[in-house]
Amino acid sequence: MYLIYDERVLMLVKDVMNRKVITVSKNENLSQLVAKFRKHNFHTLPVINESKKILGVISAEDIMKVFLPHNPALEKLLKSTHLYDTEEEDILEMDLPEGLGTTVKVSDIMNNNVVTIEDSKTIADVRKQMKLHNVQRVPVTRDKELVGFITLFDIIIALFKERNII
């Protein structure tokens with residue numbers, strides 16, 4: 001569905017968003033979280049409660065923060081895996097120290113300040129929010145319930161398709 005505005009057709013978030021969203025709960029532990037990141041290869045996952053309300057988001061950067069500042073055991077582990085010279089995805093490939101994977105919960109490291117957008121808004125609206133908050137991924141809601149996820153890449157692809165570039 002598109003909105004007509006000043007004779008221009010505006011794409012809506014609900015037409016561009018990804019409806020198939022992998023989520024996590026705040027009670028999942030670091031091992032479970034890393035397993036989801038490995039399996040699905042996403043950069044950011046929304047954290048929801050039982051009624052699909054968004055509590056926060058968690059990203060690969062949030063996982064990296066678990067390792068900083070380094071205690072001596074983690075420092076040795078990081079040096080042994082050359083993590084100082086590698087990309088963030090490599091952290092998802094390393095074995096977690098035994099206690100760390102089960103004691104750290106998503107709620108301990110998730111970002112509670114979440115930018116969301118209603119599915120009835122336009123892609124211009126979501127792009128403004130992305131710029132304003134310096135994010136490239138936004139959970140999409142309807143009546144505060146998670147219904148999708150939209151990324152800057154989704155918007156670019158939709159615009160290319162609309163202009164018959166791809």
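Below, all heavy atoms of this structure are taken into account, side chains as well, without hydrogens, waters or symmetry copies.
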Return the set of residues passing side-chain hydrogen bond (donor to acceptor under 3.5 Å, both in side chains) with Asp108 (not counting sequence neighbours), or none when no residue passes. none
So, taking the atom named CD1 in Ile155 and the one named CD1 in Ile157, what distance separates them when rounded to the nearest 0.5 Å? 11.5 Å
Set of side-chain hydrogen bond (donor to acceptor under 3.5 Å, both in side chains) partners for Gln129, sequence neighbours left out: His133
As an exercise, state the distance from CD1 of Ile58 to OG1 of Thr44, rounded to the nearest 0.5 Å. 9.5 Å
side-chain hydrogen bond (donor to acceptor under 3.5 Å, both in side chains) contacts touching residues 17-27 (sequence neighbours left out): none
In the structure I gave you, are the side-chain heavy atoms of Ile117 and Asp125 within less than 4.5 Å of one another anywhere? yes
What's the shortest heavy-atom distance between Asp62 and Val57, and which atoms? OD2-O, 3.9 Å
Measure across Phe37 and Phe42 and return the closest heavy-atom pair with its distance rounded to 0.1 Å. CD2-O, 3.1 Å
Examine distances only and state if a side-chain atom of Asp143 and a backbone atom of Glu145 form a donor-acceptor pair shorter than 3.5 Å. no
Under the side-chain hydrogen bond (donor to acceptor under 3.5 Å, both in side chains) rule, collect the residues that match up with Thr141, sequence neighbours excluded. Glu118
How close do Gly56 and Val114 get, heavy atom to heavy atom, and via which atoms? CA-CG2, 3.1 Å
Reported NZ-to-CD1 distance for the pair Lys161 and Ile166, which is rounded to 0.5 angstrom: 5.5 Å
OG1 (Thr116) and CD1 (Ile150) are apart, to the nearest 0.5 Å, by 12.5 Å
Tell me, do Leu30 and Thr103 make a side-chain contact under 4.5 Å, heavy atoms counted? no
Close side-chain approach of Val21 to Leu146, heavy-atom, < 4.5 Å: yes
Transitive ILVMFWY cluster of Leu132 at side-chain heavy atoms under 4.5 Å: who else is in it? none
Give a yes or no on whether Val34 and Ile22 share a hydrophobic cluster (residues Ile, Leu, Val, Met, Phe, Trp, Tyr; joining criterion: side-chain heavy atoms under 4.5 Å apart). yes
Gap separating the CD1 atom of Ile156 from the CD1 atom of Ile123, nearest 0.5 angstrom: 10.0 Å
Report the C-alpha distance between Val126 and Lys121 in whole Å, list the side-chain angles of each, state the deciding distance to 0.1 Å, and finish with yes or no for side-chain contact (heavy atoms from CB on, under 4.5 Å). CA-CA 7 Å; Val126 73; Lys121 298 291 186 178; over 6 Å; no
Who are the side chain to side chain contact (heavy atoms under 4.5 Å, CB included) partners of Asn29, not counting sequence neighbours? Ser31, Gln32, Thr102, Lys105
What I'd like to find out is whether the side chain of Met130 reaches to under 4.5 Å of the side chain of Gln136, using heavy atoms alone. no
At what distance, to the nearest 0.5 angstrom, does CG of Leu33 lie from CD1 of Ile109? 5.5 Å
Does the side-chain contact (heavy atoms from CB on, under 4.5 Å) test come out yes or no for Val24 and Lys36, once each step is laid out? CA-CA 8 Å; Val24 295; Lys36 278 191 180 178; 3.6 Å; yes
side-chain contact (heavy atoms from CB on, under 4.5 Å) for Phe149 and Arg137? Distances and angles first, verdict last. CA-CA 7 Å; Phe149 212 79; Arg137 299 159 196 86; 3.4 Å; yes
Write down the atom of Val115, the atom of Val138, and the distance for their closest heavy-atom approach. O-CG1, 3.3 Å
Criterion side-chain contact (heavy atoms from CB on, under 4.5 Å) on Val16 and Val13, from CA distance to verdict: CA-CA 5 Å; Val16 176; Val13 169; over 6 Å; no
Can you confirm whether the side chains of His43 and Glu61 place a donor and an acceptor under 3.5 Å from each other? yes
Does the side chain of Ile48 reach to within under 4.5 Å of the side chain of Leu55, using non-hydrogen atoms? no
Do Met17 and Thr151 come within less than 4.5 Å of each other through their side chains, counting heavy atoms only? no
